[in-house]
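Worksheet: one structure, shown below.
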Amino acid sequence: MVNSQAEGLIGGVFTREKALDLIDTMLLVRSFEENAEEMFSLGKVHGTMHLSIGQEGVAVGTASALRPRHDYLLNVHRGHGHFLAWGGDVNRMMAEFTGKETGYCRGRGGSMHIADVEANNLGAQGIVGGNMPISVGVGLSIKAHQTDQVALCIFGDGASNEGAFHESLNMASIWKLPVIYLCENNAYGMSMSIKKAINVPHISDRASAYGIPGVTVDGNDVVEVYKAMKLAEEYTRSGNGPYLVEAETYRWKGHSKSDKQAYRTRDEVKEWMSKEPIQRFAKVIGMGEEEVEQRRLTAREKIKKAVEFAESSPEPAVKDILEGVYA
Amino acid sequence: MVNSQAEGLIGGVFTREKALDLIDTMLLVRSFEENAEEMFSLGKVHGTMHLSIGQEGVAVGTASALRPRHDYLLNVHRGHGHFLAWGGDVNRMMAEFTGKETGYCRGRGGSMHIADVEANNLGAQGIVGGNMPISVGVGLSIKAHQTDQVALCIFGDGASNEGAFHESLNMASIWKLPVIYLCENNAYGMSMSIKKAINVPHISDRASAYGIPGVTVDGNDVVEVYKAMKLAEEYTRSGNGPYLVEAETYRWKGHSKSDKQAYRTRDEVKEWMSKEPIQRFAKVIGMGEEEVEQRRLTAREKIKKAVEFAESSPEPAVKDILEGVYA
Amino acid sequence: MREITYVEALREAIRMAMEKDPSVFVIGEDIGVYGGAFGVTAGLIDQFGKDRIIDTPISEAGIAGACVGAALTGMRPIGEMQFSDFVVLAMEQLTLQAAKVRFMFGGKATVPMVMRLAGGSGTGAAAQHSESLEAWFVHVPGLKVVMPSSPAEAKGLLLASIYDDNPVLFFEHKLLYKTKGPVPEEWYTTPLGKSKVVREGKHLTVVATSIEVVRAQQAAEILSKEGIELEIIDPRTLRPLDMEPIVNSVMKTGKVLIVHEAVKMGGFGGEVAAQIAESRAFGYLDAPIRRLAGLDMPIPYNRNLEAHAVPQVENIVDEARNLVKGVY
Amino acid sequence: MREITYVEALREAIRMAMEKDPSVFVIGEDIGVYGGAFGVTAGLIDQFGKDRIIDTPISEAGIAGACVGAALTGMRPIGEMQFSDFVVLAMEQLTLQAAKVRFMFGGKATVPMVMRLAGGSGTGAAAQHSESLEAWFVHVPGLKVVMPSSPAEAKGLLLASIYDDNPVLFFEHKLLYKTKGPVPEEWYTTPLGKSKVVREGKHLTVVATSIEVVRAQQAAEILSKEGIELEIIDPRTLRPLDMEPIVNSVMKTGKVLIVHEAVKMGGFGGEVAAQIAESRAFGYLDAPIRRLAGLDMPIPYNRNLEAHAVPQVENIVDEARNLVKGVY
Ligand SMILES: Cc1ncc(C[n+]2csc(CCOP(=O)(O)OP(=O)(O)O)c2C)c(N)n1
Ligand SMILES: Cc1ncc(C[n+]2csc(CCOP(=O)(O)OP(=O)(O)O)c2C)c(N)n1
Ligand SMILES: [Mg+2]
Ligand SMILES: [Mg+2]
């Protein structure tokens with residue numbers, strides 16, 4: 001059990017060291033995304049991307065409660081934050097983002113498909129809800145191998161209206177599969193407000209249709225995310241079956257590269273910006289503005305190095321173009 | 001509102017005339033199915049069929065609460081009973097079952113696809129859950145035409161685990177579409193016990209995931225089915241949106257032509273046979289064994305005539321084989 | 001004549017149909033205030049309101065089913081798959097329901113619906129957002145498959161598709177959206193099931209679809225300077241397929257190159273090649289039938305690899321030149 | 001050699017793989033106590049238990065996804081689509097995930113799974129339960145497509161498919177299930193990607209798949225009495241496709257007839273015809289390439305119409321005779 005009163009622990013759960021690590025990771029994610037946006041606007045990146053600025057709390061809170069590399073990650077299209085929180089190497093990630101041979105996927109996948117299979121990171125998804133049926137198979141596999149792993153399957157609020165959500169949660173439930181379903185509810189599926197897309201207050205309300213636990217948590221509060229995920233993890237890892245966690249958060253930027261955001265107001269965005277996860281966690285751990293900025297610079301430095309790594313990396317060779325289609 | 005105490009009405013709801021009509025329709029369905037089984041075993045029918053013996057109460061109770069031919073019917077594969085209760089002509093139905101040119105679908109569709117589009121009967125379904133997304137479109141169409149119709153979409157317990165169930169109920173809910181979803185829970189989807197297939201007590205429990213009403217009713221009690229459907233109808237027809245009714249019943253026969261039924265016990269079947277809907281309703285209306293048998297003979301006579309009609313009908317001409325592919 | 005983009009032409013067709021006919025509506029993801037991922041429906045919600053420009057949850061099977069059900073009951077829905085790849089989630093409704101219901105019901109139902117799909121590669125969207133899947137639907141009786149390659153045809157074919165009484169899969173190409181061309185302002189339809197000779201020539205028949213029609217035209221310009229004249233034919237409707245102009249052309253030129261972006265293996269080009277080999281043109285062929293099409297792989301993210309995965313102008317030039325010169 | 005049915009051969013392959021290898025499991029609808037809609041898995045649950053013979057709810061996308069996820073993490077799942085038509089509900093997992101994930105991840109993942117599908121017409125199951133959809137998957141790089149036509153190959157190809165490290169779509173035919181033939185008792189694999197000359201002959205090359213291989217053999221017997229000798233080739237694996245024996249045969253006979261049950265338009269036969277027309281056999285052809293395939297329609301319910309919708313023995317006889325005699 002989570003002991004939320006544990007003495008000396010931040011928020012009752014984190015050592016100071018861990019807390020610093022979390023804040024650094026959030027800053028790294030933020031910097032990655034800011035840089036991504038910039039590269040994009042400079043035309044240095046081809047394709048599209050889905051920025052997670054504003055949602056960093058969900059990524060680091062979640063990964064901190066699980067066992068990255070041991071557990072399985074089934075990531076979402078808006079997955080840069082989760083990738084880094086799962087321990088991904090920022091150089092190879094940047095190289096993938098820019099389509100280089102040194103990237104995680106040799107430049108074949110890009111932002112939407114970045115994966116690190118060796119680290120049990122089964123990749124981001126281009127298909128909304130596409131990782132959910134896959135999670136069923138990963139759950140079956142964990143059971144067959146009798147390990148103590150869990151699978152973390154991440155998706156957005158919009159994905160909860162795909163048929164795949166329904167089939168997968170039902171199968172995971174009847175077979176008590178060790179899968180944690182994390183719904184990152186950032187209020188919109190592209191332009192569709194979740195309030196128009198569903199007729200229940202919370203996506204977690206849908207857990208009852210499968211006889212599994214479902215909770216909603218403030219996704220911008222790292223401590224709360226950690227606690228909720230920890231409960232989910234304990235439940236799931238001990239063989240009780242799947243668990244649905246809905247983390248409420250907000251994306252600051254447009255859905256993808258070209259989004260005029262006519263579907264929401266500036267005020268709404270501003271209001272959510274005031275609930276920013278990094279500053280909020282900084283307060284919890286008593287970190288001053290200045291230190292945050294210092295650490296931000298360190299993060300930016302890492303990103304700069306990553307860009308250098310990526311830019312100095314070779315393009316994939318055209319002669320190898322057919323490699324990797326078949327085993 | 002349904003006045004369950006209405007004086008002189010059977011079960012508080014039916015005039016005697018109506019009640020006799022319902023019993024006759026149930027007997028007609030039963031006879032159709034018994035005859036179908038016989039024809040099949042004599043090799044007179046090619047293909048497969050899904051018998052609804054034991055489930056007649058759901059079909060007649062439902063149709064009696066709605067406005068057949070005015071409302072839309074989206075039928076299920078196990079749909080002979082609903083087809084007849086919706087006012088289908090037994091001769092043309094038998095002709096379709098036997099693949100004749102005089103059949104509703106000119107022998108092209110057969111048992112699984114029998115339809116009467118002119119009567120707003122949009123046909124039975126070969127695909128489990130396949131009519132559910134279609135119901136969304138029918139609902140939109142009714143709204144656009146601003147009529148007071150409703151659509152009745154029928155499916156089995158097994159269908160409630162298809163992704164189509166989820167997407168459709170959600171869409172119908174957010175747009176308040178006039179669709180009544182009738183889940184005919186006969187305890188199995190082929191060999192799969194509903195108890196193994198879902199992890200909640202009732203399929204109607206899933207209504208809460210869409211913010212719509214859901215009820216479970218004894219499907220072998222015609223009066224109860226009528227009442228539940230009437231409530232659903234009033235709710236839906238007055239613009240409140242979709243409604244989910246789960247009718248618990250049981251199929252006496254195998255799933256389709258070749259089913260050894262190893263997945264259930266004889267005792268279970270027997271127990272359910274004791275809850276038979278026809279005799280039960282006969283008791284409610286105070287009809288004696290003898291009269292039931294008399295009426296059964298009348299039903300059988302109709303079926304015999306239908307078989308004669310079908311047998312004397314021409315086969316579809318091979319030269320017309322490509323007709324009907326394109327408009 | 002006024003020039004507008006392919007996107008504008010599509011929008012104009014939708015607007016005209018909706019103004020004329022209350023049974024036409026549009027349904028899909030982010031087609032309302034967002035205006036559609038590629039801007040095709042921009043502004044339409046202001047004119048027609050949210051009951052006729054229907055934003056949906058992310059439920060592709062539901063979108064397709066909504067079209068089928070509405071079409072069966074008197075409407076003329078236009079559905080949108082935001083990226084054509086997502087049609088994989090709507091296959092049941094499109095191929096087992098829309099395509100078959102009329103036949104299964106003995107010819108007594110009609111399904112007048114259009115499903116628009118944004119297809120093709122070239123935008124760095126990688127393997128799950130760049131496919132060209134038209135061949136699947138060419139294999140499904142009951143469907144029609146349309147693939148406009150110019151703004152004028154985008155408008156005329158879309159209006160024809162909306163008023164066709166059969167389910168139509170309408171494949172657009174992301175790289176064509178911003179292309180411009182002359183488009184008549186009035187209402188007109190471009191008939192389904194009629195191939196078009198896009199350019200006349202005598203040395204080689206090129207059958208191309210969608211973006212490859214544009215590339216073939218560029219290749220023809222280049223080759224023309226070398227004295228090689230390509231005859232380019234755009235089937236425009238892949239099902240039903242009008243082979244007559246193709247067969248006639250091959251009988252004239254004696255050589256044929258089929259070009260499409262989709263993967264070659266199992267692609268639409270195989271059908272065209274087979275029909276030529278079965279036709280009266282067979283005896284007139286003086287070179288093997290050639291296909292130039294997508295490599296046997298998913299679309300890669302890297303921009304350079306992506307461009308190499310599908311036929312570009314220079315590939316058409318090379319292939320056509322070789323064929324004409326007898327190098328194969 | 002012992003003779004067993006196609007169903008028994010499939011079951012034997014599954015049993016052998018499961019006995020040898022704990023990573024193999026089977027998942028699908030009604031495959032447990034029911035034994036599968038066509039009896040393929042009958043009795044296996046008694047031997048292997050419900051954790052390795054997994055009965056599912058009616059959730060085809062879930063079944064396919066369960067295979068993809070398990071395959072990605074060290075298992076060798078065998079999924080079942082009860083009728084091949086239902087694969088329309090699993091297209092996303094099969095074509096956007098299973099087929100592409102390895103490539104998208106830079107070659108760093110493997111998806112060793114088999115999806116078995118019961119296809120074909122002839123049982124009166126009508127339009128939504130009788131399709132032949134193999135051509136769709138032939139068009140998808142990353143997948144393999146296998147279609148056995150005899151019990152011996154059913155066993156050998158299934159074992160090879162289970163041990164292939166790529167996703168394999170394994171198309172069975174309902175009318176083949178009860179056919180009998182000699183099947184070795186021991187473990188063996190029939191290699192994927194190798195066409196087989198089923199019968200040698202000199203007058204006409206017949207390329208046939210699945211049930212049409214059986215029908216072509218019957219046609220060959222009939223024609224043999226008239227002095228016409230068919231050479232029948234069964235590709236067995238449609239992707240990757242081994243054209244070598246086909247090309248060689250056409251160079252020998254100069255004529256070719258391609259036969260499959262699936263609808264002709266956009267079918268696998270077009271690909272074969274195109275590859276022949278592109279190949280060095282082109283110059284040896286002394287008749288147009290012909291295809292005999294399903295009519296352009298959904299499968300009808302009526303038994304007589306149903307039989308007329310796809311090639312029967314007599315159709316092959318007629319078509320082959322005409323081709324050999326130069327009547328076309
Ligand atoms: C099956 C499918 N449908 C539509 C899309 C296009 N699309 C990509 S992301 C997205 C919105 C997803 O919303 P949500 O699940 O809430 O995730 P978010 O983007 O908000 O993080 C859409 C519509 C897609 N990639 N896949
Ligand atoms: C998509 C799809 N999957 C599987 C089947 C095969 N099938 C036909 S009926 C059936 C069982 C359906 O169960 P349920 O929905 O409970 O209806 P019931 O047959 O019990 O009336 C199955 C598995 C099908 N026709 N369509
Ligand atoms: Mg969202
Ligand atoms: Mg049932």
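Fair warning: this is a prediction, and the values are worked out from it, not measured in the lab. Chain naming here is simple, since letters A, B, ... match the order of the sequence lines and numbering starts at 1 in each.
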Counting only non-hydrogen atoms closer than 4.5 Å, does A:Asp116 touch chain D with its backbone (N, CA, C, O), its side chain (CB onward), both, or neither? neither
Is D:Asp51 in contact with chain A via its backbone, its side chain, both, or neither, using a 4.5 Å heavy-atom distance? neither
So if I take each residue of residues 138-167 of chain A and look for any heavy atom under 4.5 Å from a heavy atom in chain D, which residues do I end up with? A:Val138, A:Leu140, A:Ser141, A:Ala144, A:His145, A:Glu167
Residue-level interface, residues 17-37 of chain D with chain A, non-hydrogen cut-off under 4.5 Å: D:Phe25, D:Ile27
Any non-hydrogen side-chain atom of A:His113 less than 4.5 Å from a side-chain atom of D:Lys100? no
Output the option from A:Glu118, A:Gln125, A:Glu101 having the highest count of non-hydrogen pairs under 4.5 Å with chain D. A:Gln125
Donor-acceptor list for residues 171-183 of chain A side chains, cut-off 3.5 Å, not counting sequence neighbours:
unit_1: A:Ser173; atom_1: OG; unit_2: A:Tyr210; atom_2: O; d: 2.6
unit_1: A:Ser173; atom_1: OG; unit_2: B:Asn199; atom_2: ND2; d: 2.8
unit_1: A:Tyr181; atom_1: OH; unit_2: A:Ser135; atom_2: OG; d: 2.7

Separation of A:Leu74 CG from D:Leu72 CG (nearest 0.5 Å): 8.5 Å
Identify the residues of residues 313-327 of chain A whose heavy atoms come closer than 4.5 Å to a heavy atom of chain D, ordered by number, or report 'none'. A:Ile321, A:Glu323, A:Gly324, A:Val325, A:Tyr326, A:Ala327
I'd like to verify something: which residue of D:Pro141, D:Pro112, D:Gly106 has the highest number of heavy-atom pairs under 4.5 Å with chain A? D:Gly106
For the NZ atom on D:Lys194, are there more than 12 heavy atoms of other groups (residues, nucleotides or ligands in this structure) within a distance under 6.0 Å? no
Pairs of heavy atoms under 4.5 Å with chain A: top-ranked of D:Met75, D:Gln97, D:Glu92: D:Gln97
What part of D:Thr110 is in contact with chain A, defined as an atom under 4.5 angstrom from a non-hydrogen atom: side chain, backbone, both or neither? side chain
SG on A:Cys105 to CE on D:Met104, rounded to 0.5 Å: 8.5 Å
Rounded to the nearest 0.5 Å, what separation is found between the CG atom of D:Leu96 and the CD1 atom of A:Ile127? 4.5 Å
Segment of A:Glu96 engaging chain D (4.5 angstrom heavy-atom cut-off): neither
Report the option among D:Gly62, D:Gly107, D:Cys67 that has the most heavy-atom pairs separated by less than 4.5 Å from atoms of chain A. D:Gly62
With chain A as the partner, which of D:Lys144, D:Glu60, D:Arg52, D:Lys108 has the greatest number of non-hydrogen pairs under 4.5 Å? D:Lys108
Of all heavy-atom pairs between A:Gly130 and D:Gln93, which one has the smallest distance, and what is that distance? O-NE2, 2.9 Å
